2 protein chains.
Amino acid sequence: MSATLREVAERAGVSVRTVSNVVSGFALVAPETRARVQRALDELSYRPNAAARHLRGGRSGLVALVVPELSTPYFGELAGRFADEADARSLMLLVQQTGGDPDRERELLDGVRGQVVDGLIMSPWALSPAELRRRPGGAPLVLLGEQDADGLLDHVVADNVAAARDMTRHLLGLGRTRIAVIGLQPHLHNATAARRLEGYRQALAEAGLTPDPAREVAVRRLHRADGAAAMRGLLDAGTPVDAVFCFSDQLALGALHAATERGLRVPADLAVAGFDDVEDGRYANPPLTTIAPDKAAIVTAALDCLAARLDRTTGPGRPDEPAEPRTIVVGHRLEVRASTRGPSSSR
Amino acid sequence: MSATLREVAERAGVSVRTVSNVVSGFALVAPETRARVQRALDELSYRPNAAARHLRGGRSGLVALVVPELSTPYFGELAGRFADEADARSLMLLVQQTGGDPDRERELLDGVRGQVVDGLIMSPWALSPAELRRRPGGAPLVLLGEQDADGLLDHVVADNVAAARDMTRHLLGLGRTRIAVIGLQPHLHNATAARRLEGYRQALAEAGLTPDPAREVAVRRLHRADGAAAMRGLLDAGTPVDAVFCFSDQLALGALHAATERGLRVPADLAVAGFDDVEDGRYANPPLTTIAPDKAAIVTAALDCLAARLDRTTGPGRPDEPAEPRTIVVGHRLEVRASTRGPSSSR
DNA sequence: ATGAAAGCGCTAACAC
DNA sequence: GTGTTAGCGCTTTCAT
């Protein structure tokens, strides 16, 4: 057990008040006293007790990051960035996984195991907007990704419609006209896939093409296996396809795998594109064309947003008047790589 | 802010003591009283205050997982498993990243920001065994991976010598005799690479082959880029190579990329193998042969080990006599896939 | 079976 | 500039 403030005070021959002042560096302390206290602090290798500070101050310095799956490269990368940025802001990151389970999402939302965290950043998957809004827990919440709850809760999001339109235009520009999409998730409340589908259809319409339901494939999850299965399904059905735009890099990597397995040449026979820009995609064979959302901005915006809420909860000012919920849109970039770059084979 | 115990007590017309008993379900409470208290609890939607419990009880229920990099698939997967298993044990997981920075490792070891956690599980990278042992912080520690500190600290590890020997034998069994290894890390204190090198050399010796220093390649980090650079270096130097065994799947994926880029056929011209069994490897083109450590066992063993320490710190029993440090060896499996399966081309 | 009260370590309002 | 002290919400010993 570490030394307490009182022990340090006794040793230095001062009161706890003075030691506390030295530790927090707040009030003025006589230089000589400060030196004496500092020595006692060092000798006893004092560490402030986090529990006491939390109890007293009402802030734990903990922020929860709630994601569907940490093993997914996208969320792994994001979590890593959040951990670093939280650290830079003297916050600690509590990571929680939901596995896409609605009950688990609800449970975490209600209060991460006994009100330990000051606030939470969540990437919901299965919860409806209504459920997201009704939260007994009370800690400030920032949402990641499209939620159909725009304007009612703080959230950080990429312009999925525009991004999907950009990608589809790129594929059309390559001369591909039978473009399939893989990644619809009609069973989820998460609106991301719906927005991307919308962007895709917009681009088709611009080019005077009619969307073909057979080329819009739903998946249950966003793993490689799902992408591979979807690709095989497309091929088995005999649907003519010269490009696939997958709604995640994982799906695209799976689709690439399945296409290669069936002897298709990518990109000659089939162009393959993803979404997320995870490292795997850069080193895929061939490297994967993708949409790169500005991840650094996502992390910064989410933490800024949360920090603002925390300040008005604990900090000075009018805590009654709830701040207007903010929607922050981060940028994205089309990253063209070899999986779509080559010419289409004549057919 | 949630209701306090005293508010509930007032409402139910009993003392805080009784409410506390109902909440913790510990002591005997008259059924009728219990019902009344329970109702008050529900009406006020009481949630125990974690800070107060922590201050009083000395346990926060938080466990830190300290890894070099969360964005690495291996650690991402592991972190995900830890999050789930911690949850099953009513613990919360605090995730910290070191980026392989020794200062950061030291800092986290010294006390994860003010003694918030009950214990920590760490995968050290750059810290020497001596530094790992001298810890002012005091919270129980379990190490992940080889550390050269065997027997002095609790740690969970795979049999890296045996695993590397298994893989090398597999490659030799395929008729490959010019086997290179990529992944030495002489600049680190982490002993993992050294052990794998040892297993590789043992297998070569068994086959009557002499290790060639030109075929033992060091890397700075374990990313795909490092594997690709190492592979290119090998090829540029003109060292004859018919197989590469990389000490991580990431390195192997990079090597695969570089080899393909240079027009080599895998596995015909070059067999490529990795270590870790991350999902990327299964969907690589071709799928990657690898060593699959028993990740579930790593997670279970590490948490069991930590739980045992926690019990003797806070729980009953003789807290003075420090338990014998434990070294737990988890199993591994050779996972043969297409990247080594095919026949070597005649040359 | 239940109540009263001490005290975990810290911060800050109130004295001087 | 520094000392004294109340109290954050909870658990638990000591009474009854």
Side-chain angles (χ1 to χ4, degrees), chain A residues 1-38 40-41 44-61 111 113-116 118 138 313-316, chain B residues 1-38 40-41 44-61 111 113-118 138-139 313-316:
Chain A
M1 190 56 91
S2 180
T4 84
L5 218 48
R6 231 191 50 198
E7 289 165 352
V8 176
E10 274 170 21
R11 177 165 195 118
V14 297
S15 79
V16 289
R17 165 72 205 262
T18 305
V19 182
S20 178
N21 281 340
V22 172
V23 171
S24 59
F26 184 57
L28 291 321
V29 181
E32 190 224 336
T33 317
R34 145 165 279 122
R36 196 148 36 94
V37 170
Q38 190 56 58
L41 245 20
L44 294 162
S45 68
Y46 170 81
R47 318 265 170 165
N49 179 308
R53 281 195 162 168
H54 181 190
L55 179 57
R56 186 69 240 261
R59 280 174 78 147
S60 62
R113 271 268 176 54
Q115 330 290 289
V116 249
D118 295 337
T313 303
T314 325
Chain B
M1 191 56 88
S2 180
T4 84
L5 219 45
R6 231 191 50 197
E7 289 164 352
V8 177
E10 275 170 18
R11 180 170 193 114
V14 295
S15 80
V16 289
R17 165 71 206 263
T18 305
V19 182
S20 178
N21 282 341
V22 171
V23 170
S24 57
F26 184 57
L28 291 323
V29 182
E32 190 223 337
T33 316
R34 144 164 282 122
R36 195 148 35 94
V37 171
Q38 190 57 58
L41 245 18
L44 294 161
S45 66
Y46 170 80
R47 317 264 170 166
N49 178 307
R53 282 196 159 166
H54 181 191
L55 179 57
R56 188 66 239 263
R59 281 173 76 149
S60 61
R113 271 270 176 54
Q115 331 290 288
V116 248
V117 301
D118 294 337
T313 303
T314 324

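Within every chain, numbering begins at 1; the chains are lettered A, B, ... in the order of the sequence lines, protein sequences first and strands thereafter. Just so you know, these numbers come straight off a predicted model, no measurement behind them. Below, each value reflects all heavy atoms present in this structure, side chains not excepted, and no hydrogens, waters or symmetry copies.
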To the nearest Å, give me how far apart [atom1] ([X]) and [atom2] ([N]) are.
| X | N | atom1 | atom2 | answer |
| --- | --- | --- | --- | --- |
| Arg34(A) | dG1(D) | CZ | P | 11 Å |
| His54(A) | dC10(D) | NE2 | C1' | 13 Å |
| Arg17(A) | dA13(C) | CZ | P | 9 Å |
| Glu32(A) | dT2(D) | CD | C1' | 13 Å |
| Asn21(B) | dT2(C) | CG | P | 9 Å |
| Asn49(B) | dG7(D) | CG | C1' | 13 Å |
| Leu55(B) | dC10(C) | CG | P | 9 Å |

For [N], does either OP1 or OP2 sit under 4.0 Å from a side-chain N or O belonging to [X]?
| X | N | result |
| --- | --- | --- |
| Thr33(A) | dG1(D) | no |
| Ser20(A) | dA12(C) | no |
| Thr18(A) | dG1(D) | no |

Between atom CG of Leu55(A) and atom NE2 of His54(B), what is the distance when rounded to the nearest 0.5 Å?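 Separation between the atoms: 11.0 Å.
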Could you give the distance from CD (Glu10(B)) to CG (Leu5(B)), rounded to the nearest 0.5 Å?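 Result: 11.0 Å between the selected atoms.
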Heavy-atom distance under 4.5 Å between the side chains of Leu41(B) and Val19(B), does that happen here? yes
Validation row: Thr4(A), Glu7(A) side chains within 4.5 angstrom (heavy atoms):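 The answer is yes, as the side chains (C-beta and beyond) meet within the 4.5 Å cut-off.
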Starting from the 5' end of DNA chain D, give me the residue, Ala52(A) or Ser24(B), whose nearest nucleotide shows up first.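 Checking each residue's closest nucleotide, the 5'-ward one belongs to Ala52(A).
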Could you walk me through whether Thr18(A) and Val29(A) pass the side chain to side chain contact (heavy atoms under 4.5 Å, CB included) check? CA-CA 7 Å; Thr18(A) 305; Val29(A) 181; 4.2 Å; yes
Is it true that a side-chain atom of Ser24(B) and a backbone atom of Ser20(B) form a donor plus acceptor pair closer than 3.5 Å? yes
Nucleic acid contacts - residues 4-14 of chain B versus DNA chain D, non-hydrogen atoms under 4.0 Å: Thr4(B), Leu5(B)
Is there a side chain to side chain contact (heavy atoms under 4.5 Å, CB included) between Asn49(B) and Arg53(B) once you walk through the steps? CA-CA 6 Å; Asn49(B) 178 307; Arg53(B) 282 196 159 166; over 6 Å; no
